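Shown next, in structure tokens, is the structure this report addresses.
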Amino acid sequence: MTALGFLSPGPSAADDYPRIEQLLGSDIRLDLVRTDRPAEGVEQLRLAGVEAVVWVCADEGVAPDPDTARNRLRDLATTAGTPASSTPFAFVRAAREIDATTVAVSASGTPQETARFAEFLRAGGLEVVGDTGAGPAEATVGDETADGGETAEGDEEAGRGEETGGDEEAALLALARAADDPRARAVLLPDPDLSTAAHLPALEAALGKPVLTASQVAVWEALRLTDRRVHAPELGALFTREPIVQV
């Protein structure tokens, strides 16, 4: 069993992690702890026996410069007693993994937060050819009443669930398209609160290129830190790279 730990300052698409765990196979466990203070939450993960820790964050993890961010991760790794990383670094490494040195970034945060993240990517050697903040999905992704309307009387619960899922996927696609650029070899959605795991194949098919999201790259990064490779195409192009451990 490979146990992987994740620290989050907010909701961080908590429903994504059970879904991803199911897709990865029975010998991988994903533990998510919500905390505003990584040093405090990491103790819970350490006691759970995790082999790597990833800080799932947006603007909080982007220090004024990469060296400062690395120092923070060293402190986190020392506290955890395991390798540690964060989603900003994970996005850089994941983009390189799929040979996407030119990327577009679309976030539901402020333009300033998005610009700061884009600068972090550039410092990591990536070219950012499109970026946008406060995207169209800001108020809709993950909001079951996003359209403000009511379902028709007599609708089945399953039908309402399918409609919500369709709305969520449409909002994610609109967010991704808002920043996409023909030159970009991948589109990045860095908001950790977006639930994306169920929609990755559809998003990639619609855009015709890889899509990288916070929960997806966080899990990939944790696997990388433990020298695991898992072939799970349901999680997008990032999880179809060789060498693999077939599940």
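Just so it is clear, the structure is predicted and the values come from calculations on it, not from any experiment.
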Results of salt bridge (Lys or Arg N to Asp or Glu O under 4.0 Å) for [X] - residues two or more places apart only:
| X | answer |
| --- | --- |
| Glu127 | none |
| Arg29 | Asp31 |
| Glu234 | none |
| Asp75 | none |

Joint cluster assignment, Leu23 & Val230, ILVMFWY side-chain distance < 4.5 Å =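 Yes, because Leu23 and Val230 connect within a single hydrophobic cluster, where side-chain heavy atoms sit under 4.5 Å apart.
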Test of understanding: with side-chain contact (heavy atoms from CB on, under 4.5 Å), list the residues that count as partners of [X], not counting sequence neighbours.
| X | result |
| --- | --- |
| Thr79 | Val42 |
| Ala198 | Arg19 |
| Asp15 | Ala13, Ser195 |
| Thr226 | Thr2, Leu4, Glu51, Ala52, Arg228 |

task = Quick one: list whatever passes side-chain hydrogen bond (donor to acceptor under 3.5 Å, both in side chains) with Glu221, sequence neighbours left out.
result =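 Partners of Glu221 by the side-chain hydrogen bond (donor to acceptor under 3.5 Å, both in side chains) criterion, ordered by chain and then number, come out as Ser85, Arg93, Arg224.
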Contacts of Gln22 meeting side-chain hydrogen bond (donor to acceptor under 3.5 Å, both in side chains) (sequence neighbours excluded), chain-then-number -> none
Indicate yes or no: does Glu119 engage Arg116 in a salt bridge with an N to O separation below 4.0 Å.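 Salt bridge: no.
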- [ ] For residues Phe120 and Phe89, establish whether the separation of their ring centroids is below 6.0 Å.
- [x] yes
- Task: Name the orientation class of the two ring planes belonging to Phe6 and Tyr17 (parallel below 30°, tilted from 30 to 60°, perpendicular beyond 60°).
- Result: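 Rings of Phe6 and Tyr17: tilted, 30 to 60°.
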* Verify, without hydrogens or angle tests, whether Thr87 (side chain) and Cys57 (backbone) share a donor-acceptor contact under 3.5 angstrom. =>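 Yes, the answer is positive, given that a donor and an acceptor are paired below the 3.5 Å cut-off.
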Please determine whether the number of non-hydrogen atoms from other residues, nucleotides or ligands lying under 6.0 Å from atom CD of Gln44 exceeds 12.
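Check fails, neighbour count at 12 or below.
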In short, salt bridge (charged side-chain N to carboxylate O under 4.0 Å, His left out) pairs touching residues 99-112 with sequence neighbours left out are Asp99-Arg241
Applied to residues 170-189, the salt bridge (charged side-chain N to carboxylate O under 4.0 Å, His left out) test, sequence neighbours excluded, yields Asp180-Lys209, Asp181-Arg183
